[in-house]
Colleague: 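To start, I am sharing the structure in question, which I have written as structure tokens.
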Amino acid sequence: MKPYDVVSRWGLALAGVLALVGCEAAADAPAETAAETAAEAAAESPHRAASARRGSARWGADYFPNIELTTHEGEKVRFYDDLIEGKVVLVNFIFTSCAKACPLETARLKQVYDILADRVGKDVFMYSISIDPETDTPEVLAAYRERFRIGPGWTFLTGDRDEIVMLRKKLGLFIQEIQDDPTDHNLSVIIGNQSTGQWMKRSPMENPHFLAMQIGGWLHNWKLPSMNPDSYANAPKLRRVGKGEDLFRTRCSACHTIGGGDVMNTAKALVGPDLMGVTERRDSAWLERWLAEPDQMLAEGDPIATDMYEQYNRVAMPDLELNQVEVAALIEYMKAETGRLNKRPTEPR
């Protein structure tokens, strides 16, 4: 997995600061100055529009492969003509038999989907394309979507393997060095606005609210009302987050809560148990192994693992590839958070 571009995040943050400073300066300016500023902005607007057209032309039909794909509903579509032309999009690549990162990636992006809500399918479009098209038929993709409680607007697609590889290369989501394993792939996602030529590679493990803001705000050039009208003055004070809590937030929170109840999908099917008191309910050796290698335990037919798989909508716990230190930190956080919610603080080990 390639790390996403940290520089672009700071660039976006700096752009936001500069924009805020500009707004404050304009607000304090005399009426004549404000009028001059407005006139200058109007004069610049054709240049900005021309720049957007150049970006669109560069990242247009001559760049993107217009390959044929099939949706989870069996519809034939073209990548450029039908999926991205003139649209704001998020594109990632998965395969449904993945026991490691793909389920977590899908669950994390589902949080983004929920934040964007009914905008998905209207002014934002999400696409997940299979890298294992022989296995991932439209019917398999449709069943996969149902397990992850995905509604309209997020389309899953399959197609010709070689053409999909070509598309991954064009999108910068193909890593030659790991292709000895055909199921290994770049976990980054691409977000972009084809009309303006703005494109960015992001991580699906990004804070879902930040990722939703980039897609729903920045890629629309802030033309739409803010999804969060609250003032920065009301933002909570940042506190230090420990290793265990960071792991829970980035790896577990898409399917689990601690004290919030079982997570359910839109069809009211359970997809993840609440982990309040899990360190007391489960044998410590069993829990440590479950966090380290859940796919192996499920393959071995472990009775607890099998029961949970059936109970929670047949969504398998992904192998998060945690090391012993990370497993210990995650268990300690779940124990401490249970104690905090029960108002029984526990001492860290």
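Along the sequence shown, the residues carry numbers beginning at 1.
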Colleague: Any chain of hydrophobic side-chain contacts (each under 4.5 Å) joining Ile150 to Val140?
Modeller: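 No, because Ile150 and Val140 fall into different hydrophobic clusters, even though each may have its own neighbours under 4.5 Å.
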Colleague: For Asn207, which residues count as a side chain to side chain donor-acceptor pair (under 3.5 Å) partner, sequence neighbours excluded?
Modeller: none
Colleague: Would you call Lys87 and Asp123 a salt bridge, using N to O less than 4.0 angstrom?
Modeller: no
Colleague: Sequence neighbours excluded, which residues qualify as side-chain contact (heavy atoms from CB on, under 4.5 Å) partners of Asn234?
Modeller: Asp230, Ser231
Colleague: Looking only at atom types and distance, does a side-chain atom of Arg145 sit under 3.5 Å from a main-chain N or O of Trp154, one as donor and one as acceptor?
Modeller: yes
Colleague: So, applying side chain to side chain contact (heavy atoms under 4.5 Å, CB included) with Leu90, which one of Val120, Ile190, Ile215 is it?
Modeller: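 It is Ile215, the one option of Val120, Ile190, Ile215 that forms the side chain to side chain contact (heavy atoms under 4.5 Å, CB included) with Leu90.
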Colleague: Quick one: do Arg340 and Glu337 make a salt bridge, cutoff under 4.0 Å?
Modeller: yes
Colleague: Output yes when a side-chain donor or acceptor of Glu326 lies under 3.5 Å from a complementary backbone atom of Asn323, and no otherwise.
Modeller: yes
Colleague: Without swapping roles, check the side chain of Arg281 against the backbone of Met276 for a donor-acceptor pair under 3.5 Å.
Modeller: yes
Colleague: For Cys255 and Ala107, work out which heavy atoms get closest and say how close.
Modeller: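 Closest heavy-atom pair between Cys255 and Ala107: SG-CB, 3.9 Å.
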Colleague: So Arg149 and Tyr113, side-chain contact (heavy atoms from CB on, under 4.5 Å) or not? Walk me through it.
Modeller: CA-CA 11 Å; Arg149 62 209 187 275; Tyr113 174 89; over 6 Å; no
Colleague: Answer with yes or no whether the hydrophobic clustering places Tyr333 together with Val241; edges join I, L, V, M, F, W, Y residues whose side-chain heavy atoms lie under 4.5 Å apart.
Modeller: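 No; tracing contacts between hydrophobic side chains, which count when under 4.5 Å, never links both residues.
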Colleague: Atom CZ in Arg240, atom CG in Asp246: separation rounded to 0.5 Å?
Modeller: 12.0 Å
Colleague: Between the main-chain N or O of Leu83 and the side-chain N or O of Arg78, is there a donor-acceptor pair closer than 3.5 Å?
Modeller: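 It does not hold such a pair.
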Colleague: Within a strict 4.5 Å, meaning less than it, do heavy atoms of the Val89 and Gln194 side chains meet?
Modeller: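 Val89 does not reach Gln194 side chain to side chain.
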Colleague: With heavy-atom distances below 4.5 Å as the criterion, would you say the side chains of Tyr144 and Ile94 are in contact?
Modeller: yes
Colleague: Judged by atom type as modelled, is there a donor-acceptor pair below 3.5 Å linking the side chain of Arg202 to the main-chain atoms of Leu211?
Modeller: no
Colleague: Within a strict 4.5 Å, meaning less than it, do heavy atoms of the Pro138 and Glu73 side chains meet?
Modeller: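 No, side chains not in contact.
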Colleague: If you compare all heavy atoms of Glu321 against all heavy atoms of Asp319, which two are closest, and at what distance to 0.1 Å?
Modeller: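 It is N-OD1, 2.9 Å.
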Colleague: Between OG1 of Thr196 and NE2 of His220, what distance do you get to the nearest 0.5 Å?
Modeller: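 Spacing of OG1 (Thr196) from NE2 (His220) equals 9.5 Å.
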Colleague: Check the surroundings of atom CD in Gln324: do more than 12 heavy atoms from other residues, nucleotides or ligands lie under 6.0 Å from it?
Modeller: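 No, because the 6.0 Å sphere around CD of Gln324 holds 12 heavy atoms or fewer from other groups.
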Colleague: Taking all heavy atoms of Pro133 and all of Asp160, pick out the closest pair and write down the distance.
Modeller: CG-C, 4.4 Å
Colleague: Look only at the side chain of Asp81 and the backbone of Asn66, and say whether a donor-acceptor pair between them is shorter than 3.5 Å.
Modeller: no
Colleague: With the side chain counted from C-beta on, respond yes when Leu275 and Phe248 share a heavy-atom pair under 4.5 Å apart, and no when they do not.
Modeller: yes
Colleague: Which residues, ordered by chain and number, are linked to Leu298 in its hydrophobic cluster, where ILVMFWY side chains connect at heavy-atom gaps below 4.5 Å, directly or through other members?
Modeller: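 When side chains under 4.5 Å apart are linked, the cluster holding Leu298 also contains Tyr309.
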Colleague: Does any non-hydrogen side-chain atom of Arg108 lie less than 4.5 Å from one of Val189?
Modeller: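 Side-chain contact under 4.5 Å: no.
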Colleague: For the residue pair Ser130 and Ile164, what are the closest heavy atoms and their distance?
Modeller: O-CD1, 3.2 Å
Colleague: Within the structure provided, determine whether Thr158 and Thr137 are in side-chain contact (heavy-atom separation under 4.5 Å).
Modeller: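 Thr158 vs Thr137: side chains apart.
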Colleague: Parallel, tilted or perpendicular: which one describes the rings of Phe64 and Tyr80, with boundaries at 30° and 60°?
Modeller: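 Correct class here is parallel.
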Colleague: Looking at every heavy atom in both Pro65 and Met166, which two are closest together, and how far apart are they?
Modeller: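 Looking at all heavy atoms of both residues, the closest pair is CB-CE, 3.8 Å.
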Colleague: Is there a side-chain contact between Met317 and Leu291 in this structure, where contact means two heavy atoms from C-beta onward sitting under 4.5 Å apart?
Modeller: yes
Colleague: How long is the straight-line distance from CD of Gln214 back to CG of Leu219, given to the nearest 0.5 Å?
Modeller: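 It comes to 7.5 Å.
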Colleague: Nearest 0.5 angstrom please: Ile131 CD1 to Cys102 SG, how far?
Modeller: 6.5 Å
Colleague: Rounded to the nearest 0.5 Å, how far apart are CG of Asp274 and OG1 of Thr338?
Modeller: 8.0 Å
Colleague: How far apart are the C-alpha atoms of Asp302 and Trp290, what are their side-chain angles, what is the distance that settles it, and do they pass the side-chain contact (heavy atoms from CB on, under 4.5 Å) test?
Modeller: CA-CA 10 Å; Asp302 179 272; Trp290 177 242; 6.0 Å; no
Colleague: Measure up the Tyr127 and Phe125 rings against each other and bin them: parallel (under 30°), tilted (30 to 60°), perpendicular (over 60°).
Modeller: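 Rings of Tyr127 and Phe125: parallel, under 30°.
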Colleague: Does the side chain of Thr279 come within less than 4.5 Å of Leu287's, by heavy atoms?
Modeller: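 Of all side-chain heavy-atom pairs linking Thr279 with Leu287, at least one is under 4.5 Å.
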Colleague: Would His72 and Thr155 satisfy side-chain contact (heavy atoms from CB on, under 4.5 Å), going step by step from the backbone distance to the final call?
Modeller: CA-CA 7 Å; His72 63 272; Thr155 305; 4.0 Å; yes
Colleague: Which heavy atom of Tyr312 sits nearest a heavy atom of Gly272, and at what distance?
Modeller: CD2-N, 3.4 Å
Colleague: Walk me through whether Leu141 and Thr96 qualify under side-chain contact (heavy atoms from CB on, under 4.5 Å).
Modeller: CA-CA 7 Å; Leu141 292 174; Thr96 63; 3.8 Å; yes
Colleague: Output the distance between atom SG (Cys252) and atom CG (Leu330), rounded to the nearest 0.5 Å.
Modeller: 4.5 Å
